[in-house]
J.: 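Structure incoming, see below.
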Amino acid sequence: MSRRRFWLSICIAIPALLSLLAGYVGYRVQQLLEEQHIELDWQGFTLTWRGLQLHEVTLIQRNQGELQAHAKHLQLLWLANEAPRYRLTAQALRVDWLPADSQDSRLGANLRTMLNALPWLPRRIELDDVQAQLPCSNGRCVLDGELDLLRLDDTLQLRLRLLRENHNALLQAHLQGLDDALDSTRQLQLTIHLDEQQQMELHSDLAAQGDALQWSGNLLLAPLQEIAWLAAWLSEWTPLDATNLPTTPQQAGIIARWQLQLPQTTRQLGDLLVAPGWLRVDAQLPQPWPMPGLGLISGELQLDLHNTTGLWQARKLHGDLHLDIRDAPWLAALPSGLRANHLQLQLQPLESRVDNELALQLSLAGEGALEMQANAELGLQQARDWALEVRQLQLDARSKRVDLGNNRADGLQLNLDLSGNVTAQQLQLALAAHSRLEIQRLRGTDLDLRQVRLSLDGLGMAGAPHAPRLSGPLTLRVQNLQHPQLQAQGWQWQGRIEADDAHQKLDGALLADSGLSMALGLNNTADGLALNATLDELFLRAGNPLAQTLASWPPLLTLENGRIQGNASLDLPSGKPLQLRAKLNAKGLAGIYDRSTLSDVDGELQLQLAGDRLQLELPSLSARQIDPGIALGPLQVQANYQASLKHPMAGKLSHQRAELGILGGSLRLEPATWALDQSSQLLPLKLSGLDLQELFRVYPAEGLEGNGLLDGTLPLRLGKTLSIEQGLIEARTPGGRLRFHSPRIRAMGQANPGMKLVTDALEDFHYDLLSSSLDYDQSGTLRLGMRLHGQNPAIEQGRPIHFNINLEEDIPTLLASLQLTDKVSDIIQQRIQQRMRQRVPQETKE
């Protein structure tokens, strides 16, 4: 009876204890749910010896947001004969998470809560047919998949499959070393499969070594398949723009291996960046792969990095990369002749000269409209204050044709030989001998340059890398320069350049093969551009380089003596009209213009251009003598001219002084202003004090002499030719004398009594009136209508005699004959003879 009561008591006690245990567990579960703000509801509760089964479960958590979970056929199994013993399975799990606005700031706290709860979870969790609605960059997105989580002792295994339409992604992870023992080794193996093809494999070991941790591992990225669907999927969860992503390379692969020494307290990424150790990367890209904005890239790259001083340093760098840039968008900004279709980059390690240095041999080749070849030896000092030594860089680039707007360059070739140093604070580069730019022919709208050579020897760049300064000598040589305003010849500019982002300055000398030279300076700032030129003094006795330089030099003007000097300045202020000032000085000029000799010509010409207004000033112009056959001079002129650039030849000419000496007298114009937009101008010349004695001295009339002074007015009309209409010349009072001793005329008088009276009277004629009209037509014929009143004291006791005489004279022919009777230069003789030959056919035709 006692044994039966014992077993009966046991049978009664066990259910009681189970009830108490279940009540306690229920109390603790309820307490835990309340602490986590969780509401739990279920239907279809079943308890068996294998475990607990709930046919339908709903969980709601409201804590700065809302999490809802609903599952069917949830089972919590405890199996004594299986490992792990506790297993949680669920089907048709639906999760909906609505975080609060500030939930992002609590993300770390939620993750820590989940990790802390990991030991309380069943050792295996199997979730089939999971669908979760979560926040994403597009608002809310849905994840479909399944989860299998297994923990045995210190090992955690994870298998996560995510589904999207007809595609899937599988993540498998094996983590060992969760027991937190100080001497334990934590190992992680991770693989990722996309559509059943393995894409990534990761092996990681974290082992304790004294007070530090040693982390080693390797990463394998297999050749990628076409995964545009993955990019589109990721773009729903991240700001990634899938439409602009390139297609994935089909044969690319990356292998990475590393070993790092980490402190036990490693918590941040920065600890990894300064941890001692090594990293080796081997990347293979055998097929061209598009890089956004760059082009198609292919090739291989090997990198070996070491960290012994807290700073990562490259011990080895080897690469062979090919870039196809034919369709690169940035290439369109370059002129067509400066575009390369393909680039080949090769990197070869060299023996380092000093510690912590990465020495490289770099080779870059380009093919296409621009052909180029670059070779460089580089040394990179790998320290916190890094330094790059460019031991030698040679660049050769060629292009058959380059179009720059309306300009075209043929046969362009660039050769650079560069060396120097670059640091984070300082840049120092210099070009060595034979550095140059050559262009066989450069053509613009009006400019044509042949055999252009720009020497860059000695040019350097220095300063901060973000704001370098270019300085050094420059020499530009053009074998032949053609321009409508210049004679075709060679030119050279030699000087110095100083340039940075804010200021560009050029100073040097410009020389032409003709001997013309000038100092030329250019200064460009944010305020505008300024150009200054100073013409070196020309000594014309040694030749006239202006005539051999300027195409518009008057062909009939020859200068054989004297000096010329000038300067000019051009200002182009930012946002304001241009300003141009020029000045030209001449001293002691002598030479020939057409058939006239010039001597002792001095003058000063000033030009000013402000916006659209042009102003020419002639403060002084003088000449001791001008001889077109009759010596004239001196000449004195002072004038100015104003016009607009739109109509430069239709301005206003004002003169303050205009006077020319002529045969002891003078011709002058009163101060006046003339509008040159009219087809012709009438200049009222005033003749004063012309000496008859001087006139008869130069006039080729045999036996004619006399004295007296003549005054008059000569209305000179300037148009296409010169003409004088209704001019008037009169002798000053009191009168003078005329004498005409000509045997030929006297012989004519012996046969004609009327003519005899004229010849006798002119033997010694005392006039009291000498007046003449004067007309000069466009053909060069001078017509005089003379009135002569007076007497000869030897004839009829000096009775008054009146003469009316009409004379015609071909002035050009007269002046030519006067010149030919004297010694004149060969140039004038040739021009006179040529003019006479031209006039004879015209007169015959008339």
Side-chain angles (χ1 to χ4, degrees), residues 407 439-455 474-495 506-522 530-570 578 580-594 596-598 601-609 614 616-618 621 623 645 648-649 825-827 830-831:
N407 302 317
I439 303 175
Q440 292 182 2
R441 188 176 184 184
L442 178 60
R443 286 174 282 181
T445 304
D446 295 322
L447 196 62
D448 191 347
L449 309 180
R450 308 288 182 95
Q451 300 300 320
V452 181
R453 180 188 179 101
L454 179 64
S455 297
L474 281 180
T475 300
L476 175 64
R477 172 65 183 170
V478 180
Q479 194 70 28
N480 187 276
L481 184 150
Q482 298 180 17
H483 188 274
Q485 301 299 324
L486 299 172
Q487 301 281 0
Q489 62 181 311
W491 286 80
Q492 179 172 307
W493 184 87
Q494 187 171 5
L506 280 172
D507 281 308
L510 181 65
L511 303 95
D513 288 352
S514 63
L516 182 73
S517 62
M518 66 181 71
L520 193 64
L522 181 147
L531 180 66
N532 295 281
T534 301
L535 180 67
D536 293 345
E537 190 171 20
L538 301 179
F539 295 90
L540 300 178
R541 185 182 294 272
N544 184 4
L546 285 174
Q548 302 172 31
T549 302
L550 302 176
S552 58
W553 182 265
L556 298 179
L557 177 61
T558 303
L559 297 179
E560 300 171 342
N561 204 349
R563 298 176 298 169
I564 295 179
Q565 192 174 26
N567 59 73
S569 64
L570 173 65
L578 66 87
L580 173 63
R581 293 173 296 278
K583 184 177 180 180
L584 189 67
N585 287 300
K587 292 288 185 181
L589 299 183
I592 299 171
Y593 180 72
D594 196 3
S596 302
T597 60
L598 310 172
V601 179
D602 297 339
E604 179 181 335
L605 177 64
Q606 298 177 1
L607 180 146
Q608 291 187 8
L609 181 61
L614 171 67
L616 287 172
E617 291 281 348
L618 191 64
L621 174 64
L645 282 183
M649 304 304 296
S825 68
D826 294 338
I827 296 177
Q830 292 174 3
R831 291 175 180 174

J.: Given side chains that start at C-beta, do those of I439 and L449 come closer than 4.5 Å, heavy atoms only?
T.: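 No, too far: nothing below the 4.5 Å cut-off.
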J.: Taking W493 as the fixed residue, which of T475, L474, L454 is the one that meets the side chain to side chain contact (heavy atoms under 4.5 Å, CB included) rule?
T.: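 The single option meeting the side chain to side chain contact (heavy atoms under 4.5 Å, CB included) with W493 is L474.
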J.: If we only count heavy atoms from C-beta on, is the L556 to I592 side-chain gap below 4.5 Å?
T.: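 Result no, sub-4.5 Å side-chain heavy-atom pair not found.
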J.: If every non-hydrogen atom of N407 is compared with every non-hydrogen atom of G444, which pair is closest and at what distance?
T.: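 Scanning both residues, the minimum pair turns out to be OD1-CA, 3.2 Å.
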J.: Check whether any side-chain N or O of Q487 sits under 3.5 Å from a backbone N or O of S514 as a donor-acceptor pair, and report yes or no.
T.: no
J.: Taking C-beta and beyond as the side chain, do L609 and L645 meet within less than 4.5 Å on heavy atoms?
T.: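 They are in contact (side-chain heavy atoms under 4.5 Å apart), so the answer is yes.
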J.: So, for D536 and S517, which heavy atoms are closest and what is the spacing to 0.1 Å?
T.: OD2-OG, 2.6 Å
J.: Looking only at side-chain N and O atoms, does Q606 offer a donor or acceptor that is under 3.5 Å from a partner on Q608?
T.: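 No - no donor-acceptor pair under 3.5 Å links their side chains.
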J.: Indicate yes or no: at least one non-hydrogen side-chain atom of L580 is less than 4.5 angstrom from one of L614.
T.: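 No; the side chains remain at least 4.5 Å from each other.
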J.: Mind listing the closest non-hydrogen atom pair of R563 and F539 along with its distance?
T.: CD-CE2, 3.4 Å
J.: Apply the side chain to side chain contact (heavy atoms under 4.5 Å, CB included) test between N544 and each candidate in L516, T549, T558, L559; give the one that qualifies.
T.: L559
J.: Using a 3.5 Å distance criterion without hydrogens, assess whether the side chain of D513 forms a donor-acceptor pair with backbone atoms of G490.
T.: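 Yes, because the side chain of D513 sits within donor-acceptor range (under 3.5 Å) of the backbone of G490.
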J.: Quick check: do N480 and Q451 have side-chain heavy atoms less than 4.5 Å from each other?
T.: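 Counting from C-beta outward, N480 and Q451 never come under 4.5 Å.
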J.: Given side chains that start at C-beta, do those of N585 and D602 come closer than 4.5 Å, heavy atoms only?
T.: no
J.: For A509 and L511, work out which heavy atoms get closest and say how close.
T.: O-CD1, 3.7 Å
J.: For a 4.5 angstrom cut-off between non-hydrogen side-chain atoms, does L605 reach L621?
T.: no
